[in-house]
Amino acid sequence: WLDVMTRGVDKSQAVRAVQRRLGISPAQTMVFGDYLNDLAMMDCATMSFAMANAHPQVIDKAAYLAPPNTEDGVVQVLSALLGL
């Protein structure tokens with residue numbers, strides 16, 4: 001695949017914009033990632049999750065490991081944290 005975006009723009013800028021708009025902190029933010037385009041956003045949240053099948057650099061950067069995205073890992077984590 002090919003990711004196309006403006007030079008100098010990454011997902012962290014979007015997460016920070018949402019945080020400013022909602023008045024929330026990194027401690028109130030969760031992010032999930034699986035590939036190198038997610039690395040910068042890992043610094044935006046205290047609860048940063050790499051998917052178990054993520055690129056090794058993403059796994060190293062994230063604070064936590066979620067089940068793989070092939071097993072609905074994001075849904076599993078959110079369900080567990082929300083007691084669903």
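The analysis underlying the following values was restricted to heavy atoms, covering all of them including side chains, and did not include hydrogens, waters or symmetry mates.
When every heavy atom of M51 is checked against every heavy atom of P67, the shortest pair comes out as CE-O, 3.0 Å. Across every non-hydrogen atom of I59 and A50, the tightest pair is CA-CB, 3.6 Å. The shortest heavy-atom contact between A66 and V77 is CB-CG2, 3.6 Å.
Looking at K61 and D43, a side-chain N of the basic residue comes within less than 4.0 Å of a carboxylate O on the acidic one, giving a salt bridge.
Side-chain polar atoms of Q19 and T29 form a donor-acceptor pair below 3.5 angstrom.
Here the OG atom belonging to S12 is positioned 11.0 Å from the CG atom belonging to D38, to the nearest 0.5 angstrom. Rounding to the nearest 0.5 Å places OH of Y64 at 9.5 Å from CE of M30. Rounding to the nearest 0.5 Å gives a distance of 9.0 Å between OG of S48 and CE of M41. Between the CG atom of D34 and the CG atom of N53 there is a distance of 6.5 Å, given to the nearest 0.5 Å. The CE atom of M42 sits 12.5 Å away from atom CE of M47, with the distance rounded to the nearest 0.5 Å.
Follow the hydrophobic side-chain contacts under 4.5 Å out from L82 and you never reach V75; the two are in separate clusters.
Contact annotation: the side chain of Q28 approaches that of S25 to within less than 4.5 Å [non-hydrogen atoms, C-beta and beyond]. In this structure, V31 and F49 have side chains that are not in contact, with every pair of non-hydrogen atoms separated by 4.5 Å or more.
Ring-plane geometry between H55 and Y35 is classed as perpendicular, the angle between the planes exceeding 60 degrees on a 0 to 90 degree scale with a lower cut at 30.
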Discussion item. Side chain to side chain contact (heavy atoms under 4.5 Å, CB included), that's the test. Do N69 and V74 meet it? Break it down for me.
Written reply: CA-CA 7 Å; N69 52 19; V74 173; over 6 Å; no

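Of the possible polar contacts, one joining the Q13 side chain to the D10 backbone as a donor-acceptor pair under 3.5 Å is found.
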